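These figures come from a predicted structure and were not determined experimentally. In the text below, chain A, chain B and the rest are named by the order of the sequence lines, each starting its count at 1.
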Amino acid sequence: MSAVCLERKPVLSGELNEIERKFSRMLADIELENSHKSDHEVRYETETLQAELLKSKSLDLDIEQTLQQTAQDFEDAAVDEYNKFVFESRITEADKANDLQNLERKLDRHLLLLVQQKQWDQKIWALPQGLQKDGETMLQTAERVLREKCGDDLTVQFYGNAPCGVYKYKYPKMFVSREEEGPVGAKVFFFKAQYIAGYVDHNKLKLQEFKWLGREELMSSLSQEYYRNISQFLIDEE
Amino acid sequence: MIMIRVGLTAALCRLCISDVQSSNTSTRLISTGISPLFFKASTCLYAEPLKKKKRIDPAILKQREERKKKRLEKQIRRLERNAKQLKPIDELEVPLELVDGKKERMREAAVITPAVEEERALLTKDWTRYKRKQHLKDMQMIDRLMFAQQKALDELRQESEELYQAAIQINPTLLPFTVRGPVKTPPIKGYDSPDGEYTDVSKKW
């Protein structure tokens, strides 16, 4: 059997933590101390000097100069524009609504696709998996499984021909066929893939049957052993 | 008479080609100052008389002017083309404006108190420790991933040699693979750029 470990990689860069913020501030300070003045700064200083001279000695006002935009004006205008511009917030609506099917959730973390699958007599959450057919390599099986479960709309990049992990389990005794030669268990080979674009086809998978979970939420949805096995080949150690 | 003749020779020495000063006898004297001639011969110039200026067709004149203009414009275009090509970085120099204006651009040396210095040193040490831990964690994670993959490949080999060989193959279609990295804020939906859309065609090295 082969399974697909489909991840939506982070869209946003993570927040800096305490020490990172302090260090970056220190580096900025040092850089400022070692730098030369820029054109804008030089212009600003000359204009403040001129303004002071004007006030104290009342030199002849050069009309051309006063009509030009001073450096201070330019700076103020730039700051105004920056403050007025509204950036898109990092916490999207999907975050607030806790919509597990939406990909816009948790934009600075990884999201893993879990699908509800029938295992024996239960329905459990797992990575989408399927049996390998004859004449297929495991990677082709994985691609087929993904297409069958999620539809053609999903654009995905598989990371190569080799599997990244394996999960072995034995069938419980009730389901093992009476003959001794039948399969006793199964091996699931996981293939890593990165989500690029598209949506899961809702016709194939109804809303309750799939979800995109962040790393912290995985433990609650998966069985202990399965989770332990999977976390071996997942990145993200925060 | 000889004296006079010598004087005459000296005065009229330019009339003759040969060197008259040195030889004061036996050159034939041509005197033009005797009656009834009394004409003055101008100096020997060795040049032909100036040619008569012909009137040139104004159309041909215009053509010549245009050709000169075109040549100049071509040279200007060539210079500009060279200016657009960027210089290799090794040839770049500090622009003269900055070199001349160095004095007015220098900041006053900032006063760094010993307390601040110590704080900075301690922060740098903390940072090195933090980064080291991070690096170790990354290395451990990579080892873990590689171990998991190796285990998977071993199991696959146990299952079937064929599948294993297929799994080991390098997939040439994978590279080049480009992904755009994480940004600070998500894109605004339906944003109309005030500068308009453009495609960046600058060369990248």
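- Crowding of B/Leu122 atom CG: a count of heavy atoms from other residues, nucleotides or ligands under 6.0 Å exceeding 12.
- Other residues, nucleotides and ligands contribute only 12 or fewer heavy atoms inside 6.0 Å of the CD atom of B/Glu118.
- The part of A/Ser89 that comes within reach of chain B is its backbone (N, CA, C, O), which places non-hydrogen atoms under 4.5 angstrom from that chain.
- The contact between A/Asp39 and chain B is made by backbone and side chain atoms together, counting heavy-atom distances below 4.5 Å.
- Between A/Glu93 and B/Lys189 no salt bridge is recorded (no basic side-chain N to carboxylate O distance below 4.0 Å).
- Put simply, CZ on B/Arg129 and CD1 on A/Ile19 are 8.5 Å apart, with the number rounded to the nearest 0.5 Å.
- Across A/Val86 and B/Ile188, no two heavy atoms sit closer than the pair O-CD1, 3.5 Å.
- Top candidate by heavy-atom pairs under 4.5 Å with chain B, chosen from A/Gly160, A/Gly165, A/Ser35, A/Ser38, is A/Ser35.
- Within 6.0 Å of CD on B/Glu119 lie no more than 12 heavy atoms contributed by other residues, nucleotides or ligands.
- For A/Phe74, the CZ atom counts as loosely surrounded, since its 6.0 Å shell holds 12 or fewer non-hydrogen atoms of other residues, nucleotides or ligands.
- Scanning residues 2-12 of chain A against chain B with a 4.5 Å heavy-atom cutoff picks out A/Pro10, A/Val11, A/Leu12, ordered by number.
- Between A/Glu33 and B/Ala110, the shortest heavy-atom contact is CG-CB, 3.8 Å.
- Heavy atoms of B/Thr124 lying under 4.5 Å from chain A belong to its backbone as well as its side chain.
- With values rounded to the nearest 0.5 angstrom, A/Ile30 atom CD1 is found 7.5 Å from B/Ile112 atom CD1.
- Of the listed residues (B/Lys151, B/Lys131, B/Arg120), the greatest number of heavy-atom pairs within a distance under 4.5 Å of chain A belongs to B/Arg120.
- Both the backbone and the side chain of A/Phe23 come within contact range of chain B, each with at least one heavy atom under 4.5 Å from a heavy atom of that chain.
- The shortest non-hydrogen separation linking A/Pro163 to B/Gln149 is O-CG, 3.1 Å.
- Side-chain contact between B/Val179 and A/Gln157 is absent, with no heavy-atom pair separated by less than 4.5 Å.
- Using cut-offs of 30° and 60° on the angle between ring planes, the pair A/Phe85 and B/Tyr191 is perpendicular.
- For B/Leu136, the CG atom sits in a packed shell: over 12 heavy atoms of surrounding residues, nucleotides or ligands are nearer than 6.0 Å.
- Applying the 6.0 Å contact sphere to CG of B/Asp192 captures no more than 12 heavy atoms from other residues, nucleotides or ligands.
- Only the backbone of A/Phe158 comes within less than 4.5 Å of a heavy atom in chain B; its side chain stays farther off.
- Taking chain B as the reference chain and counting heavy-atom pairs below 4.5 Å, the highest number among A/Tyr167, A/Phe87, A/Phe190 is found for A/Phe87.
- A heavy-atom distance below 4.5 Å is not found between the side chains of B/Arg107 and A/His36.
- Looking at A/Ser231, only its backbone comes within 4.5 Å of chain B, counting heavy atoms on both sides.
- A pairwise comparison of heavy atoms in B/Gln169 and A/Asn161 identifies O-ND2, 2.9 Å as the closest pair.
- Note: A/Met138 leads A/Glu45, A/Glu15, A/Met138 in heavy-atom pairs under 4.5 Å with chain B.
- For chain A, no part of B/Gln165 is nearby; none of its heavy atoms comes within less than 4.5 Å.
- Heavy-atom neighbours of chain B within the stretch residues 192-199 of chain A, taken at a separation under 4.5 angstrom, comprise A/Lys192, A/Gln194, A/Ile196.
- Minimum heavy-atom separation, B/Leu145 to A/Leu234: CD1-O, 4.1 Å.
- Within the 4.5 Å cutoff, no side-chain heavy atoms of A/Val166 are placed close to those of B/Leu156.
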Would you please test A/Gln132 and B/Leu163 for side chain to side chain contact (heavy atoms under 4.5 Å, CB included) and show each step? CA-CA 11 Å; A/Gln132 184 223 12; B/Leu163 288 175; 3.5 Å; yes
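- Both the backbone and the side chain of A/Lys22 come within less than 4.5 Å of a heavy atom of chain B.
- Shown here for B/Ala148 and A/Gln232, the closest heavy-atom pair between the two residues is CB-OE1, 3.7 Å.
- No part of A/Leu27 comes within reach of chain B, as not one of its non-hydrogen atoms sits under 4.5 angstrom from that chain.
- Contacts of B/Ala166 with chain A are made by both backbone and side-chain atoms, with heavy-atom separations under 4.5 Å.
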